[in-house]
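Some notes on the structure that comes next.
Predicted model only: the values in this text are computed from it and were never measured. Whatever order the structure lists them in is the order used to number ligands and atoms, beginning at 1.
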Amino acid sequence: MFITIEGGEGVGKSTNIAYIADQLSDANITCIVTREPGGTPLAEDIRQLLLSDRDEAIADNTELLLMFASRAQHIAGVIEPALARGDWVICDRFTDATYAYQGGGRGLSEAKIANLEQWVQEDLRPDITILFDAPITVGMSRAGQRGELDRIERERAAFFENVRNCYLMLAERHSDRFRTVDASETLGRVQASLQPIIAEMKHQFLVRSKT
Ligand code: T5A
């Protein structure tokens, strides 16, 4: 299975990915955890280009193309080989983040993103996407406690409102694969609300093992 984890800044994706991976590994499901942008040495270099501060502004199209350049490398080097081995892949952000940030946030057209998605990914799409949703103020205050903010984290509040609204729209549009979790709750409650989703994944594992 290809599982993607999405949501705004600081909503708890990394914290809960570790929890999900532990639960799956307890059920003898071999999974790798990876992230975007990044996931291979070259793709991590592209992440640095994207998130670090520079004097020259990054044009919106450049940002979009760098996201997909990183993704192409990540798919070829990590995601496809893992899926071909039969491992599960849990990816911290994937193309829904591009629709949310470069589409919803920057205002780039959905058609442009969809073209790149098709070109770079061909048939590869997530089986399940968990969306951690929380008001912007909650995520930003958690992200702020962690230290200095990166180039994208320093965007204005309206940018993140657009990102959040786009994620919620995607969750409604792709309700077959999206599972939305209220990430504004305490960690204990968030993890309790992950339980039925993890149970669904374990069930899928049993079904797939039999076929
Ligand atoms: N991007 C990415 C694009 O623009 N387009 C794309 O196509 C892609 C793939 C990547 C940036 O790139 C952009 C989006 C991003 O701006 P990132 O590091 O992946 O950056 O994204 P971040 O959202 O910045 O990830 P973070 O690691 O900052 O946030 P997480 O993983 O959501 O949050 P986490 O788990 O680190 O938690 C943050 C803090 O909150 C605490 C944790 O302990 C931690 O201290 N916490 C809670 N506290 C209270 N209650 C809870 N329920 C809590 N859950 C976590």
Tell me, which protein residue and heavy-atom name are nearest [atom], and how many Å apart are they?
atom                    : value
atom 6 (C) of ligand 1  : M67 SD, 3.4 Å
atom 19 (O) of ligand 1 : R93 NE, 3.2 Å
atom 46 (N) of ligand 1 : R142 CD, 3.8 Å
atom 52 (N) of ligand 1 : E185 O, 3.0 Å
atom 7 (O) of ligand 1  : T98 OG1, 2.6 Å
atom 31 (O) of ligand 1 : S14 OG, 2.6 Å

Can you tell whether the side chains of R47 and E36 come within less than 4.0 Å, N to carboxylate O?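 Looking at E36 together with R47, the answer is no, because their closest N to O distance does not fall below 4.0 Å.
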Test: R71 cationic atom under 6.0 Å from F94 six-membered ring centre, within 45° of axis: yes
Just going by heavy-atom distances, which of E6, R47, E9, E153 is nearest to atom 17 (P) of ligand 1?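 Result: the heavy atom closest to atom 17 (P) of ligand 1 is in R47.
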Relative to atom 55 (C) of ligand 1, which among T15, L51, L64 owns the nearest non-hydrogen atom?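 The nearest heavy atom belongs to T15.
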Determine whether any heavy atom of G8 lies closer than 4.0 Å to an atom of ligand 1.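 So G8 counts as touching ligand 1.
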Test of proximity, D150 against ligand 1: N or O pairs below 3.5 Å: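 The answer is no, given that D150 and ligand 1 share no N or O pair closer than 3.5 Å.
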Evaluate G10 for polar contact with ligand 1, using N/O atom pairs at a separation under 3.5 Å.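 For ligand 1, there is an N or O atom that lies under 3.5 Å from one belonging to G10.
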